[in-house]
S.K.: 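Quick one: the structure is below, and I'll ask about it shortly.
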Amino acid sequence: MEHANTEGVWKRPAARRSFLTGTAALLGTGLAPTGAAARRRPESTGHWRPLVRFTPENNWMNDPNGLVHHRGEYHLFFQHNPHGIDHADMSWGHAVSTDLVHWQHLPVALHPDELGEIFSGSAVVDEHDTSGLFGGGSGIVAYYTSAGATQTQSLAHSADNGRTWTKYPGNPVVDNPGFADFRDPKVIRHEPTGTWVLLLAAGDRVLFYSSTDLLTWTRVGDFGADQGAHGGVWECPDLFELPVDGDERRRRWVLVVSINPGGPAGGSATQYFVGDFDGRVFVNDNTPDRVLWADHGADFYACQSWYGTPGRRLWLGWMSNWNYASNTPTRPWRGTMTVPREVGLTGTGSGPRLVQRPAREVEFAHGRRRRWRGVLVGKAKAPRFRGRALDISADFEVLDGLPEFGFDVFLGPRHRTRVGYDARAQTLFVDRTDSGEAGISEDFPARHETSLSVSGTRVRLRILLDHCGVEVFGDDGSVVLTDLVFPSEEDDGGRGFCSGGRVLAELEVRELRP
């Protein structure tokens with residue numbers, strides 16, 4: 001973190017208002033207009049439309065699908081209803097980006113057909129035409145669930161970087177062996193065996209299939225019937241290999257599975273397993289009853305990683321929860337993605353664990369930056385700031401006591417969302433009990449928390465605000481909480497807080513711009 005200028009205190013220009021204030025050293029000038037000028041939007045709920053997180057232009061969106069990087073473009077397909085704001089007529093919406101921040105909306109890629117609606121899936125680049133679909137060239141092959149009388153797996157291919165698609169005449173390519181829930185194909189390349197591997201969520205487990213040509217699939221194994229959390233059906237698997245702490249000699253496989261219901265904050269959530277994979281069998285490093293959650297908030301589901309990003313593992317998730325997804329109050333769209341995140345593994349006393357951080361491309365959206373350094377005691381000396389789209393980084397050092405400290409964000413006359421750390425309980429939390437619109441569901445107003453044990457007295461937080469929710473990364477991303485909130489239009493303030501002791505805080509607030 002860059003520290004505040006110690007050579008002197010910045011003096012505020014008379015004509016401009018700072019969006020970060022307090023009693024310690026300040027740098028910078030104010031955010032763009034707040035109040036009535038900023039509230040004039042073309043939509044009745046435009047104050048909830050994110051600037052950086054992806055949303056569809058109109059209508060319903062849920063799971064990310066077919067994430068692939070090809071010819072300089074990141075493709076984001078997604079579950080989409082082209083005709084309305086409810087979950088129906090499932091198709092694949094489509095957008096592309098060159099920087100993961102600015103997205104170009106493209107026409108719907110895949111529409112329902114005689115085999116059913118187009119449910120979730122994945123995509124790969126067939127660089128060497130192993131499928132024979134590209135006449136010796138290369139292209140994108142997408143796999144999806146055909147949700148008709150039964151759920152089967154189909155494919156489509158594109159030779160023009162996803163602009164047009166041809167469905168394979170031999171669909172479905174994987175028949176249903178008798179599962180009521182049999183969906184969400186994820187295809188990866190397993191280089192040690194020179195094969196393609198397809199994962200499918202089948203009720204309470206993941207099935208593995210193998211192929212050399214992307215067309216003919218043979219079932220080779222399964223995992224999970226007696227492993228991890230089973231409070232609901234398994235969905236949207238993913239599988240990738242990562243080095244531990246960047247050491248290429250210590251590589252482990254990560255198997256990701258979403259579950260609905262049964263999450264740590266209620267409703268849907270995402271769990272993961274760390275282990276070994278030989279192209280056919282996944283072996284869990286942990287005991288079968290050990291449950292690892294990718295996110296401890298209520299709103300991180302169906303996450304998928306991009307194919308075609310060597311040296312990096314990037315993913316994002318649907319920022320919602322099946323407990324209330326159909327009731328979220330935004331118009332004319334419904335559904336939001338998290339920011340893309342870079343995923344890694346770090347060693348712990350219990351074995352390797354996931355770490356997540358906002359993709360570095362988020363910095364492309366950074367605007368003005370302000371810093372503050374000082375001691376927090378109650379509210380008297382707390383820094384204050386303004387903004388509904390901010391990237392906040394903070395280092396705290398506990399000076400005395402066992403305080404609870406952090407920030408109130410989306411703060412207004414009647415509402416606040418509290419993000420903080422409880423040093424006594426050693427928990428990171430997001431409290432949305434008074435965050436704004438609460439009639440979404442009975443359990444929407446809630447405090448979500450998770451254990452975060454830190455060495456010594458220092459705590460590091462990064463908080464992304466973007467109009468309708470928070471993504472909180474604790475201890476450099478070893479713990480993450482993602483929560484939707486729907487504040488009122490006037491809720492654009494923020495301030496630090498500390499109770500039960502004193503903390504030294506170093507704060508950097510960066511504006512996010514569209």
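The basis for the numbers below is simple: all heavy atoms, side chains too, and nothing from hydrogens, waters or symmetry mates. Note that this is a predicted model, so its numbers are computed, not measured.
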S.K.: Given the side-chain rings of Phe410 and Phe385, with only the six-membered ring counted for Trp, is the space between their centroids under 6.0 Å?
M.R.: no
S.K.: With distance as the sole test, does Tyr272 use its side chain to make a donor-acceptor pair with the main-chain N or O of Leu354 at under 3.5 Å?
M.R.: yes
S.K.: Do the ring planes of Phe444 and Tyr324 sit parallel (below 30°), tilted (30 to 60°) or perpendicular (above 60°)?
M.R.: perpendicular
S.K.: Test His448 against His296 for ring pair (Phe, Tyr, Trp, His ring centres under 6.0 Å), laying out the working first.
M.R.: CA-CA 7 Å; His448 302 136; His296 294 264; over 10 Å; no
S.K.: Could you give me the CA-CA distance, side-chain angles and deciding distance for Asp295 and Arg341, then say whether salt bridge (Lys or Arg N to Asp or Glu O under 4.0 Å) is met?
M.R.: CA-CA 12 Å; Asp295 194 296; Arg341 302 173 182 177; 3.4 Å; yes
S.K.: Hey, does the side chain of Arg334 reach the backbone of Ile85 with a donor-acceptor pair shorter than 3.5 angstrom?
M.R.: yes
S.K.: By the definition side chain to side chain donor-acceptor pair (under 3.5 Å), identify the one residue from Glu508, Arg510, Glu506 that meets it with Ser393.
M.R.: Arg510
S.K.: Yes or no on side-chain contact (heavy atoms from CB on, under 4.5 Å) for Asp491 and Leu411, after CA distance, side-chain angles and deciding distance?
M.R.: CA-CA 5 Å; Asp491 300 337; Leu411 179 64; over 6 Å; no
S.K.: Which salt bridge (charged side-chain N to carboxylate O under 4.0 Å, His left out) pairs, counting each pair once, include a residue from residues 253-276, with sequence neighbours left out?
M.R.: none
S.K.: Parallel under 30°, tilted from 30 to 60°, perpendicular over 60°: which one fits the rings of Phe223 and Phe282?
M.R.: perpendicular
S.K.: Using a 3.5 Å distance criterion without hydrogens, assess whether the side chain of Ser97 forms a donor-acceptor pair with backbone atoms of His102.
M.R.: yes
S.K.: Under the salt bridge (charged side-chain N to carboxylate O under 4.0 Å, His left out) rule, what pairs show up with a residue in residues 309-323, not counting sequence neighbours?
M.R.: Arg312-Glu342, Arg312-Glu361
S.K.: Is the Trp60-His87 ring centre distance short of 6.0 angstrom?
M.R.: yes
S.K.: Is it true that Trp103 and His94 have ring centroids separated by less than 6.0 Å?
M.R.: no
S.K.: Could you check whether any side-chain N or O of Asp483 sits under 3.5 Å from a backbone N or O of Gly297, counting only pairs where one atom can act as donor and the other as acceptor?
M.R.: no
S.K.: Looking only at atom types and distance, does a side-chain atom of Thr346 sit under 3.5 Å from a main-chain N or O of Arg353, one as donor and one as acceptor?
M.R.: no
S.K.: Which residue pairs satisfy the salt bridge (charged side-chain N to carboxylate O under 4.0 Å, His left out) criterion with at least one member in residues 396-407, sequence neighbours excluded?
M.R.: Glu397-Arg458, Asp400-Arg502, Glu404-Arg447
S.K.: Who are the side-chain contact (heavy atoms from CB on, under 4.5 Å) partners of Asn327, not counting sequence neighbours?
M.R.: Ile440
S.K.: Measure the spacing between OG of Ser499 and CG of Asp422 and express it to the nearest 0.5 Å.
M.R.: 8.5 Å
S.K.: In Å and rounded to the nearest 0.5 Å, what is the CH2 to CZ distance from Trp48 to Arg388?
M.R.: 9.0 Å
S.K.: Within the distance-only criterion (no hydrogens, no angle test), does the side chain of Gln356 pair as donor or acceptor with the backbone N or O of Ala294 below 3.5 angstrom?
M.R.: yes
S.K.: For a salt bridge (Lys or Arg N to Asp or Glu O under 4.0 Å) check, start with the C-alpha distance between Arg357 and Asp476, then their side-chain angles and the critical distance, and finish with the verdict.
M.R.: CA-CA 7 Å; Arg357 302 181 183 94; Asp476 290 322; 5.1 Å; no
S.K.: When rounded to the nearest 0.5 angstrom, what is the spacing between SG in Cys236 and NZ in Lys186?
M.R.: 10.5 Å
S.K.: Does the side chain of His230 pick up a donor-acceptor pair with the side chain of Asp204 at under 3.5 Å?
M.R.: no
S.K.: Work out which heavy atom in Phe429 is nearest to a heavy atom in Phe497; give both atom names and the distance.
M.R.: CZ-CZ, 4.2 Å
S.K.: Identify every side-chain donor-acceptor pair in residues 261-270 under 3.5 Å, counting partners at least two apart or on other chains, and give the distances.
M.R.:
from: Ser268; atom 1: OG; to: Asn321; atom 2: OD1; distance (Å): 3.4
from: Ser268; atom 1: OG; to: Trp322; atom 2: N; distance (Å): 3.1
from: Thr270; atom 1: OG1; to: Ser258; atom 2: OG; distance (Å): 3.2
from: Thr270; atom 1: OG1; to: Phe300; atom 2: O; distance (Å): 3.3

S.K.: How far does CG of Leu100 sit from CZ of Phe364, to the nearest 0.5 angstrom?
M.R.: 8.5 Å
S.K.: With a 4.0 Å cut-off on N to O distance, would you call Glu235 and Arg183 a salt bridge?
M.R.: yes
S.K.: Please answer whether the main-chain N or O of Asp247 pairs with a side-chain N or O of Asp245 as donor and acceptor at a distance below 3.5 Å.
M.R.: no
S.K.: Any donor and acceptor pair, going by atom type alone, linking the side chain of Arg373 with main-chain N or O of Leu507 inside 3.5 Å?
M.R.: no
S.K.: Determine whether a donor-acceptor pair (N or O, by modelled atom type, separation under 3.5 Å) exists between the side chain of Asp466 and the backbone of Leu51.
M.R.: yes
S.K.: The test is salt bridge (Lys or Arg N to Asp or Glu O under 4.0 Å); show your working for Glu511 and Arg369 and say whether it passes.
M.R.: CA-CA 6 Å; Glu511 176 189 6; Arg369 176 175 58 192; over 6 Å; no
S.K.: Is there a donor-acceptor pair closer than 3.5 Å between any side-chain N or O of Asn59 and the backbone N or O of Trp333?
M.R.: no
S.K.: Residues two or more places apart in sequence or in another chain: which of them pass side chain to side chain donor-acceptor pair (under 3.5 Å) with His366?
M.R.: Asp391
S.K.: Are more than 12 heavy atoms, taken from residues, nucleotides or ligands other than Glu248, located less than 6.0 Å from that residue's CD atom?
M.R.: yes
S.K.: In Å, rounded to the nearest 0.5 Å, how long is the span from CG of Leu461 to CZ of Phe407?
M.R.: 7.0 Å
S.K.: Calculate, to the nearest 0.5 Å, the distance between atoms CG and CZ belonging to Leu76 and Phe78 respectively.
M.R.: 6.5 Å
